[in-house]
Amino acid sequence: MPQFYITTAIDYSNGDPHLGHALEKVGADCIARYRRLRGDQVHFLMGMDEHSQAVLQAAEENGTSPRAWVDLMADRFADFWNRLEVSNDDWIRTTEPRHREAVIELLRRIRRHNPDDLYVGDYEGLYCVGCEEFKQPAQIADGRCIEHPTLELVPTKERNHFFRLSRYRDTLLDRIRSGEFRVEPAIRRNEIVRLLEDGLQDISVSRHRLSWGIPFPDDADQTVYVWFDALINYLSATGFPAPGYQRLWPADLHVVGKGITRFHCVIWPAMLLAAGEAIPRQVWAHGYVQWEGTKMSKTAGTAVTLGEAIERHGPDALRYFLLREVGFEADGNFSWERFDERYTADLADGLGNLVSRSLAMVAKYRGGIVPAARDETPLDQAGRETISAFTHAMDILDLRGGAEAAWTLVATANLYIQQVAPWKLAKEGREAELDIALAALARALYRLAVLASPFVPGKAGAICGSLGASGEPTASAWNSLADPPVGGLVSSRPQVLFPKPASV
RNA sequence: GGCAGGGUAGCUCAGCUGGUUAGAGCACGGCACUCAUAAUGCCGGGGUCGCGGGUUCGAGUCCCGCCCCUGCUACCA
């Protein structure tokens, strides 16, 4: 069984998660669920980034200890991911011992394999505590950081440990160009390639006298810079350096936001190369969620909270909307109006109503028992085409295309019903034809449940349940898509799958 | 400033190497059907394809200029 190790970015412990965080987790979850359907042994990692000065400050502002603060934040984030049915297999926090040990060991390995790659130097510049980084002139306006105009920039000069990033330029370019290391979508790859072509500077990888961090090996005055620390989480979670970590490593896919592609496509693989470790196979950088066409950020004040968005039509609806309408490649827009429209058209009147009318007919004309007829119908032909289109899209992580493909089967099934008119067959006593039609519809529902499950896992499970099949779709369900085993199932009229609120 | 990608119906987007009256979904209007969450099916209205030139028998589709948007431009989870 092929192994598939997928990760999301770990989130910063300095505020509640918003729709942008949710898009990333839901998108990665959709991919993870799809890989499981395809039979992969999936290991899906998420977690929290809990070091850095910003976290320390947030804790102080809230009158608590950093430890208590990150515990609180971790619970809050995890709670949201549970509500959104995110199926991660592990949850790593950078304050855990297993991570600390991995970070220290990775630095040791860099020292051992490439002793010149870590050296001591001076860094001088204006430091923004909000960004947790030194700012370049272009990022400063009126003496303040563009991102954090309320914070004072701190002139800082410190002796730090540096990482010789510059020497990995050629190797990284080769790996990307050869396809050995895939950076996608293409727009992000182009950016990284150009960045590499322009050449790399070394980076500082430690901070002086910042207590809330991982101690730099053999230097009591320094802690590991939060970014250098954070990236290593993907490796820590494999059990590194304990034997057997290669079962998971290298990662098959890092899912990240477009804003941090550079860290994942340049710094991170360079660190691994320096330590003599394998580099990840692929990075996917998704776009951002915009609110009414403008950037949604924690500082700009969130017009919509994640909790509200989940409550609007339930977690499955939000997942579907994020992946279908907002999208997992370029930036996309979120608005209540579009959310409601999609909900009504695609989910309530689309998938939900199709399930409802199909099973109502099985109940009314066959007492709920799905007929055993296995005759090929145009609907089966359409089903196969849908599966093919769906697979093509999902294999290249075109989640929007996958959802779109799956939902074409809803339209086809509705058309089939209209053309066959089972109520007419029943009235005229054409029992054999009615059996064929109802069985074909049941097969379509089964296929839809499987294809939709990465997007709307809860509702997909509910469809299976109503059909009389067991639970949420699995790999074996995927394997039976060619000829879904629905004959003889005892179905029941489902409760309304996607209820329409009066206000919509 | 440099580099990259965009600007196509009210909205979200398709339109490959240029070729009949520019497409889909949603939203909107009319008709049909009744199994269904007044759902579904059919028909229809709706677009100076950012602006201005040019190449060509013929250009959203190629070239030039301009306008606007987005991203990257080095340590922004």
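Side chains are part of it too, since the values below use all heavy atoms of this structure and drop only hydrogens, waters and symmetry mates. Lettering follows sequence order; numbering is per chain, from 1.
Summarising the base pairing, B:G25 is matched to B:C11 through a Watson-Crick or G-U wobble pair whose two defining distances lie under 3.5 Å.
Residue A:His254 is classed as having no contact, given no heavy-atom separation below 4.0 Å to the nucleic acid. Residue A:Gly259 is classed as a base contact, given a heavy-atom separation below 4.0 Å to a base. Contact annotation for A:Phe228: no contact, since no heavy-atom pair falls under 4.0 Å across all strands. Across all strands, A:Arg188 comes closer than 4.0 Å only to sugar-phosphate atoms, never to a base (heavy-atom distances). If you check every strand for non-hydrogen atoms under 4.0 Å, A:Leu441 touches nothing. Counting non-hydrogen atoms under 4.0 angstrom, A:Tyr234 reaches a base of the nucleic acid. A:Leu200 comes within 4.0 angstrom of a nucleotide base, judged by non-hydrogen atoms across all strands. If you check every strand for non-hydrogen atoms under 4.0 Å, A:Leu497 touches a base. If you check every strand for non-hydrogen atoms under 4.0 Å, A:Arg189 touches nothing. Heavy atoms of A:Ala230 sit under 4.0 angstrom from at least one base atom. At a threshold of 4.0 angstrom between heavy atoms, the contacts of A:Gln201 include nucleobase atoms, whether or not backbone atoms are also involved. If you check every strand for non-hydrogen atoms under 4.0 Å, A:Ala348 touches a base.
Annotation: proximity of residues 407-416 of chain A to RNA chain B (heavy atom, distance under 4.0 Å) is found for A:Asn414, A:Leu415, numbered in ascending order.
Remark: A:Glu404 pairs with no residue by the side chain to side chain donor-acceptor pair (under 3.5 Å) rule, at least two apart or across chains. With sequence neighbours excluded, the residues that form a side chain to side chain contact (heavy atoms under 4.5 Å, CB included) with A:Glu431 are A:Arg366, A:Leu434. With sequence neighbours excluded, no residue satisfies side chain to side chain donor-acceptor pair (under 3.5 Å) with A:Asp79. With sequence neighbours left out, the side chain to side chain donor-acceptor pair (under 3.5 Å) criterion links A:Asp346 to A:Tyr320, A:Arg342.
Here, B:G44 and B:C51 have their C1' atoms 32 Å apart, quoted to the whole Å. Comparing the same atom, P, in B:G41 and in B:A77 gives a spacing of 46 Å after rounding to whole Å. Taking atom P in both B:G1 and B:U20, one finds a spacing of 39 Å when rounded to whole Å. Comparing the P positions of B:A14 and B:G7 gives a spacing of 8 Å, expressed to the nearest Å. Comparing B:C16 with B:C33, their P atoms are spaced 42 Å from each other, to the whole Å.
Using bins of under 30°, 30° to 60° and over 60° for the plane-to-plane angle, the ring pair A:Phe498/A:Tyr343 lands in the perpendicular bin.
Closest heavy-atom contact between A:Asn233 and A:Leu45: OD1-CD2, 3.6 Å.
The shortest side-chain heavy-atom distance between A:Val256 and A:Thr8 does not fall under the 4.5 Å cut-off. Side-chain contact check for A:Val103 versus A:Leu235: every heavy-atom pair is 4.5 Å or farther apart.
The nucleotide whose nearest atom lies closest to any side-chain atom of A:Gln418 is, among B:C35, B:A77, B:U70, B:C35.
Counting only N and O atoms by type, the side chains of A:Trp268 and A:His254 include a donor and acceptor under 3.5 Å apart. Using modelled atom types, one finds no donor on one side chain facing an acceptor on the other under 3.5 Å when comparing A:Thr94 with A:Glu50.
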Atom pairs, N/O to N/O, protein against nucleotides 2-10 of chain B, distance under 3.5 Å?
{"from": "B:C3", "atom 1": "O2'", "to": "A:Arg194", "atom 2": "NE", "distance (Å)": "3.0"}

